[in-house]
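Taking it in order: structure first as structure tokens, then the write-up.
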Protein chains: 2
Amino acid sequence: MTDKKQGKIRIHSQEKILLAAQDEFISNGYKGATVQSIADLAGLPKANVLYYFKNKENIYHAVLERTLDMWDQGIGDIVYEDGPKVAIEKFVSAKVKMSFNHPKASKIYAMEIIQGAQHLKEFARTYLRQWVRDKSKIFQLWIDEGRMINIEPINLIFIIWSSTQHYADFETQILTIMNRADYEEDDIEQVTQFLTQFILRGLEVK
Amino acid sequence: MTDKKQGKIRIHSQEKILLAAQDEFISNGYKGATVQSIADLAGLPKANVLYYFKNKENIYHAVLERTLDMWDQGIGDIVYEDGPKVAIEKFVSAKVKMSFNHPKASKIYAMEIIQGAQHLKEFARTYLRQWVRDKSKIFQLWIDEGRMINIEPINLIFIIWSSTQHYADFETQILTIMNRADYEEDDIEQVTQFLTQFILRGLEVK
DNA sequence: TTTTATCTTGTTTATTTGGTCAAGAAATTT
DNA sequence: AAATTTCTTGACCAAATAAACAAGATAAAA
């Protein structure tokens with residue numbers, strides 16, 4: 001945005017708008033979302049929403065930016081010193097927490113990718129690609145040291161991403177199948193346990 | 001649709017429309033999709049598209065129906081007689097093939113779920129829930145017989161769904177990260193190998 | 001050939017939508 | 001308190017859109 005001074009009201013309104021926009025973009029996609037609908041969800045007149053963000057694309061960019069920030073923080077890190085067991089425990093645990101606590105961020109991200117990543121090709125091409133490279137190297141080291149079985153590190157990364165994010169993106173389906181209305185506190189722990197155990201078993205050197 | 005006689009032209013046009021619609025719905029979501037755009041992609045006048053399908057929702061329903069049919073066929077089946085090893089080999093293999101050969105179907109489905117499954121709540125509530133129940137029972141039998149480790153069958157189902165579908169839904173991201181333009185024939189085999197091996201290791205009774 | 005059913009398409013209509021504008025209210029600064 | 005900036009909002013507009021319509025072309029059936 002800009003260097004305008006940011007009063008309390010401004011921040012509060014912007015916050016309301018971004019939260020509303022997130023819901024609207026998830027429900028209807030970028031093109032299907034309407035500024036009017038975002039305004040209604042935020043409880044503000046449309047003209048006021050456009051005062052803060054000027055146009056629909058700006059709103060979307062702001063929502064995406066937040067999403068990527070979240071990806072970035074919540075990700076936990078994979079460091080060589082931890083060794084494969086602890087590193088994967090930490091990583092899976094962080095990703096599962098993310099999925100259960102911020103499913104909307106995950107959904108926005110997933111929709112972007114499915115629709116062709118028009119708005120964040122750059123993020124994938126630079127940041128993400130480098131991240132995968134770095135972590136693959138660490139996994140490869142552990143493999144060379146005989147501390148985990150010999151697999152393509154990238155396959156491991158994908159299976160962790162997919163299996164953890166699934167609980168956010170497919171929330172609706174999972175809850176329907178399990179005939180439940182919402183996730184519960186316990187679920188985070190249960191899923192984390194299962195996934196870490198399962199993945200670690202798959203990596204064990206016999 | 002109806003009991004009108006279906007000539008060659010009719011079927012051919014319908015086919016073109018549905019393929020175009022699939023692309024349009026993936027790119028822009030249900031609400032963002034326009035009949036005009038579908039018509040353009042199909043190379044037909046808009047009025048002609050509406051002659052065949054009457055309105056946008058009908059087009060979408062037809063696309064979804066095809067998607068579910070595909071889910072249904074391509075799924076391979078899990079039968080008790082196969083035992084865990086063969087059953088999971090078959091199932092994972094079928095799902096991976098699906099993901100690589102029909103990524104668009106997977107994407108449409110994923111978007112529907114992410115957006116709240118408005119149009120296929122019924123499918124999930126009935127068909128899918130029953131499917132999960134049936135297969136869970138089979139897994140539980142194998143567990144009781146000591147042929148695989150003791151886990152919640154539903155967790156296993158979710159990890160297989162997510163890890164296989166990932167290659168379809170996140171195609172764009174995966175290709176970008178790997179700096180490639182398209183998947184190749186080999187990839188299907190490679191991914192199938194990895195996932196079956198990995199999952200079977202995770203299930204092994206030591 | 002005649003008749004009927006199917007298909008094609010340009011035109012029109014009513015509604016929705018993104019975005020602007022102007023006029024004023026509220027807060028902040030001088 | 002005066003001046004200035006920030007915020008709020010109803011009214012407005014041009015473009016896009018879903019859908020209906022009408023009139024004709026083509027193919028199929030009689």
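Each chain gets a letter, A, B and so on, in the order the sequences are listed, and its residues count up from 1.
- For the pair A/Gln36 CD and D/dT9 P, the interatomic distance rounds to 13 Å; values are reported in whole Å.
- Considering only side-chain atoms of A/Tyr51, the nucleotide from D/dA19, D/dT6, C/dT9 that sits closest is D/dT6.
- The aromatic rings of B/His166 and B/Phe170 lie parallel to each other, with less than 30° between the two planes, well short of the 60° mark.
- Applying the 3.5 Å distance criterion, the base of C/dG19 shares no donor-acceptor pair with the side chain of A/Lys56.
- For B/Pro45, whose side chain is taken as the heavy atoms from C-beta onward, the closest listed nucleotide among D/dA18, C/dT9, D/dT9 is C/dT9.
- Using a 4.0 Å heavy-atom cutoff across all strands shown, A/Ala39 reaches no nucleic acid atom at all.
- When distances are taken from the side chain of A/Leu50 to each of D/dC7, C/dT8, C/dG19, the shortest belongs to C/dG19.
- Counting only heavy atoms from C-beta on, B/Ser13 has its side chain closest to C/dT8 among D/dA19, C/dT8, D/dT17.
- Summarising the geometry, the separation between CD1 on B/Ile17 and P on C/dC7 is reported as 11 Å, rounded to the nearest angstrom.
- The aromatic ring centres of A/Phe91 and A/Trp131 sit less than 6.0 Å apart.
- Atoms CZ and CG, from A/Phe123 and A/Asp72 in turn, are 7.0 Å apart once rounded to the nearest 0.5 Å.
- Rounded to a whole Å, the CD atom of B/Gln14 is 11 Å from the P atom of C/dT8.
- Under the 3.5 Å distance criterion, with hydrogens and angles disregarded, a donor-acceptor pair is assigned to the side chains of A/Tyr109 and B/Gln173.
- If you take CG of A/Asp40 and P of D/dT9, they are 13 Å apart, rounded to a whole angstrom.
- Side-chain atoms of B/Gln73 and B/Asp69 form no donor-acceptor pair, as typed in the model, at a separation below 3.5 Å.
- Of the two residues near DNA chain C, A/Ala33 and B/Leu44, the one whose nearest nucleotide lies more 5' is B/Leu44.
- For A/Ala47, taking side-chain heavy atoms from C-beta onward, the closest of the listed nucleotides D/dA19, D/dC7, C/dC21 is C/dC21.
- A donor-acceptor contact under 3.5 Å links the side chain of A/Lys46 to the base of C/dG19.
- With rounding to whole Å, B/Lys54 atom NZ is found 18 Å from C/dC7 atom C1'.
- Taking atom CZ of B/Phe53 as the reference point, atom C1' of D/dA20 lies 19 Å away to the nearest angstrom.
- Across the protein-nucleic acid pair, B/Ile38 atom CD1 and D/dA16 atom C1' stand 15 Å apart, rounded to whole Å.
- Nucleic acid contact for A/Asn48: base, since at least one base atom lies under 4.0 Å from a heavy atom of the residue.
- Distance A/Tyr52 OH to D/dT5 P: 18 Å, rounded to the nearest Å.
- Of the side-chain N and O atoms in A/Lys31, one or more sit less than 4.0 angstrom from OP1 or OP2 of D/dT17.
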